[in-house]
Undergrad: 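Structure in structure tokens, see below.
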Amino acid sequence: MMFRRTLLTAAVAAAAWLSVLPAAAEVFNPKTFTLDNGMQVVVISNHRAPIVTHMVWYKVGSADEPRGKSGIAHFVEHLMFKTTKNLKSGEFSRTVARNGGRDNGFTSYDYTGYYQSVAADRLGIVMQLEADRMRNLIIDPREVEPERLVVLEERRSRTDNSPGAKLFEQVNAALYLNYPYRNPIIGWEHEIRRITAEDLRAFYDKWYWPNNAVLVVAGDVTVDQVRPLAEKYYGVIPQGPGIKRERAAEPPHNAARRVILRDRRVRQPSVRKRYMAPSHGYGDKQHIYALQVLSEIIGGNTGALSKSLVREQKLAVSAGAYYNSDGIGPSAFTYFASPAPGVSMDKLEAALQVEIDELLKSGVTAEEVARAKSRMSASAIYARDSAGRGARVLGAALAMGQTIEDVESWPERIEAVTLEQINEAAKAVMIESNSVTGLLLAKRRS
Amino acid sequence: MSRARLAGMSAAVFVALILTTPLARAAVKVQEVVSAKGITAWLVEDHTNPIISVNFTFRGGSALDPDGKDGVANLVSATLDEGAGDMDSETFQRRLEDLSVSLSFSARLDTFSGRMRTLTRNRDDAFGLLKLAITRPRFDPEAVERIRSQVLAGLRRASENPRRLANRAMFQTMFPDHPYGRHTDGTFETVPVIKIADLKAFVARRLARDNLVVGVVGDITVAELKTLLDTTFGELPATAEPWEVPDVTAAATGKQVVIEKPIPQSVIRFGHGGIKREDPDFYAAYVMNYVLGGGGFESRLYEEVREKRGLAYSAFSYLSPLDHSALIIGGAGTANAQASQTIDIVRAEWKRMAEQGLSELELKDAKTYLTGSYALRFGSSPRIAAMLTGLQLENLGRDYFDIRNSLIEKVSLDDVNRVAKSLLRPENLTLVVVGQPENVSAN
């Protein structure tokens, strides 16, 4: 089953696939050029099947919303499938479907993207459609109101119906004291209710320009085929005003935080400890590759954490760690565990802390580093297999201000990580006052 | 962009442009490989990347779990890779990790499947580990208890998840006296009483050569695969223990089940008997369902529930054919106060489709989408490998990738409307609602 029209790429979801594939070098071998109006174009050839994925990534996400108006970026994404100067509401997706294609959009903290997958000979058609809505969207209040209800249902479905998702939202709001990642991508309900058509229009007009977008085409196509089409459809759109993304920065974190959600529906509790961490775009960037190797070492199925808490001490049914280096703003290094039957959360949390302390005291071993790096280098080969993955990884990276070089050199950067760097990175990030502990607990019956 | 240019893109022009997209390319040529011991695999050779993907499926799944032991097949699936031969769980898992091999198993109602992916350079070691897992699994008590507690934790999590609850209740309600009404994952009562002997018995009885189908995609030749088929699967018993699952028609009682949960959004599922995969009318039903609720942003349910009224984020339906039955199932999620209105719309659309069928244009659009998008399924090696086993399980023929679109094209308006009329019975819909729906009550 799939329900589309808008995936929200939350940090966790992104981490799930990015940790499998944190980008990969000599993998995608993209070609790139830039149109006169400033729109960057990336082409990744993969001739397995006669299909192409066409994606436009806008360098704007929920973290770029004006204060007090959370949810605008995602709301605009929904409206992008409605009326334009040339298309009736719904005609975009209908036309894609009538060409045997699939389409959707997605919104994250740092980017908003749209894609169509179609037979390779339909590339021009979807390009024409996508180029149309870059500047021709009509934001009609009569379309805004029913779509607001859809967004509210989406919020209920994703967040309000799930205790775990509700806790995640609160943990993020505690983790980031000032940075806009503290607001959920879909928005707070009371703010979604207050967004006006004017707000949406202003946001669209500020950010949706060719010089603030990246076009990625992947599949059974060459750069020589893409260039004339891109020039024809996107090249004619005038360049917009220069755009600067301005984000509030974090103040010092002086106190560890605890966030507890009790819900009587919870039958399998869990604990999550998140440390704010650097990313490609924020903080001490020299640590980001070391942190990726570290999460591979301690986070995997036979990783140090699962080995100790699940296999040896039998305190947990699951335990691990993950880290995602992507982002314009601060990322997080996250530990999680869920208790075995009869084990109290206090005991589990204490045991998790012992593991973290032990890591900081003794560090990782050379053997662990070598094994992790070998697995990570294999993941770069696997990444080539999927037709759409290169488009997703490169599009996200470029939309967040990284370069193709950053993506393509990933294996070398991972290979260069040393044991000392890993231990240093762990000490730099795992500072108690930088942390939020989130507890999902069953509500005591009264 | 000018209006004139877009005017040229009218729907009629698009449709006229579209011919059935040919998929037949060297990249998806399906070869049949038969080993010396008579084990068959379907292979799509692709040497672009140094990767091999394998999918293998044994007929017979969790519907065969012994009485009172629902969840045996599922527990086996989670434990096969937890130690085999002289390697205990940790050694086996480390070996997989060090070779960057992914190996996993899954149980469904009618099948027990495994999938493996390896780099070419580790090919023989990878197939060796796969062989050990299916022929000499250890089921050490430590591993079984650890996995059992993970399965139970999964059941507790599922009990917090309204979608999972609703899906479970649907099958229970539609198959009250049949193994299909049981839970593949088992229950809080059954999972604790499964014995290691049950797991061993499953492997001994169910994993055999005569109920096995294999699909392979990637960097491997026919000759190489021939040898590996025998070394990997050749030691399995020749035949699985005979089994029988009775054919069954989903209960058509129009029952409404409400599962009270303190959540703001009601999760709704609805469904009744469907159409089996081998039924000659399957393709007509498939096209019909695309228009009803299968077509993403284009379906009638999506249009009526979401686009026109903003009642839900998703509204959908799908065909679910099984070996011994068939279902058509749909769903939506809406604020508790709107649950009854949403259900009314679903019933009305069910009725409208049964009575009036499709328009010519809807049929045309459905065919264009279904044929044009078929190639999109061939996006990665593991997906193609799974499709290869799927074809064999459904007896679809090695040329199916090439002829499938013509089967869709052949469907006539009369076919679709006749099938809609006989298949869709709004009064028979079983309904499950999880939440605090207003004006919806159980019957």
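Just so it is clear: chains get the letters A, B, ... in the order the sequence lines come, proteins before strands, and each one is counted from 1.
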Undergrad: Nearest 0.5 Å please: distance from the CG atom of Asp385(A) over to the OG atom of Ser53(B).
TA: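 Spacing of CG (Asp385(A)) from OG (Ser53(B)) equals 5.5 Å.
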Undergrad: Look up atom CD in Glu298(B) and atom OG1 in Thr95(A), then write down how far apart they are to the nearest 0.5 Å.
TA: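 So the gap between those two atoms works out to 8.5 Å.
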Undergrad: Applying side chain to side chain contact (heavy atoms under 4.5 Å, CB included), run through Asp160(A) and Gln265(B) and close with a yes or a no.
TA: CA-CA 8 Å; Asp160(A) 303 323; Gln265(B) 185 183 70; over 6 Å; no
Undergrad: Does Arg264(A) form a salt bridge (charged side-chain N to carboxylate O under 4.0 Å, His left out) with Glu160(B)? I'd like the steps, not just the answer.
TA: CA-CA 9 Å; Arg264(A) 67 186 166 95; Glu160(B) 301 162 9; over 6 Å; no
Undergrad: At a heavy-atom distance under 4.5 Å, which candidate from Ser374(A), Pro146(A), Gly101(A), Ser270(A) has the highest pair count against chain B?
TA: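 If we count pairs closer than 4.5 Å to chain B, Gly101(A) comes out on top.
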Undergrad: For the residue pair Arg311(A) / Ser89(B), report whether a side-chain donor-acceptor contact shorter than 3.5 Å exists.
TA: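 Indeed, the side chains of Ser89(B) and Arg311(A) share at least one donor-acceptor pair under 3.5 Å.
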Undergrad: Looking only at side-chain N and O atoms, does Arg48(A) offer a donor or acceptor that is under 3.5 Å from a partner on Ser381(B)?
TA: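 Looking only at side-chain atoms, Arg48(A) and Ser381(B) do form a donor-acceptor pair, the distance falling under 3.5 Å.
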Undergrad: Ser117(A) versus chain B, heavy atoms under 4.5 Å apart: side chain, backbone, both or neither?
TA: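 For Ser117(A), the contact with chain B is made by backbone and side chain together.
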Undergrad: Of the backbone (N, CA, C, O) and the side chain (C-beta and beyond), which part of Lys261(B) lies under 4.5 Å from a heavy atom of chain A, both, or neither?
TA: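 Answer is side chain: those atoms of Lys261(B) sit under 4.5 Å from chain A.
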Undergrad: Nearest 0.5 angstrom please: Leu165(B) CG to Arg265(A) CZ, how far?
TA: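 Spacing of CG (Leu165(B)) from CZ (Arg265(A)) equals 9.0 Å.
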Undergrad: May I ask you to test the Glu307(B)-Phe81(A) pair for a side-chain heavy-atom distance under 4.5 Å?
TA: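 Contact flag for Glu307(B)/Phe81(A) side chains = no.
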Undergrad: Determine whether the side chains of Arg158(A) and Tyr313(B) contain a donor N or O and an acceptor N or O closer than 3.5 Å.
TA: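 Distance-only check passes for Arg158(A) and Tyr313(B).
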Undergrad: Cut-off 3.5 Å, side chains only: do Arg163(B) and Ser157(A) have a donor facing an acceptor?
TA: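 Side-chain D/A pair, Arg163(B) to Ser157(A): present.
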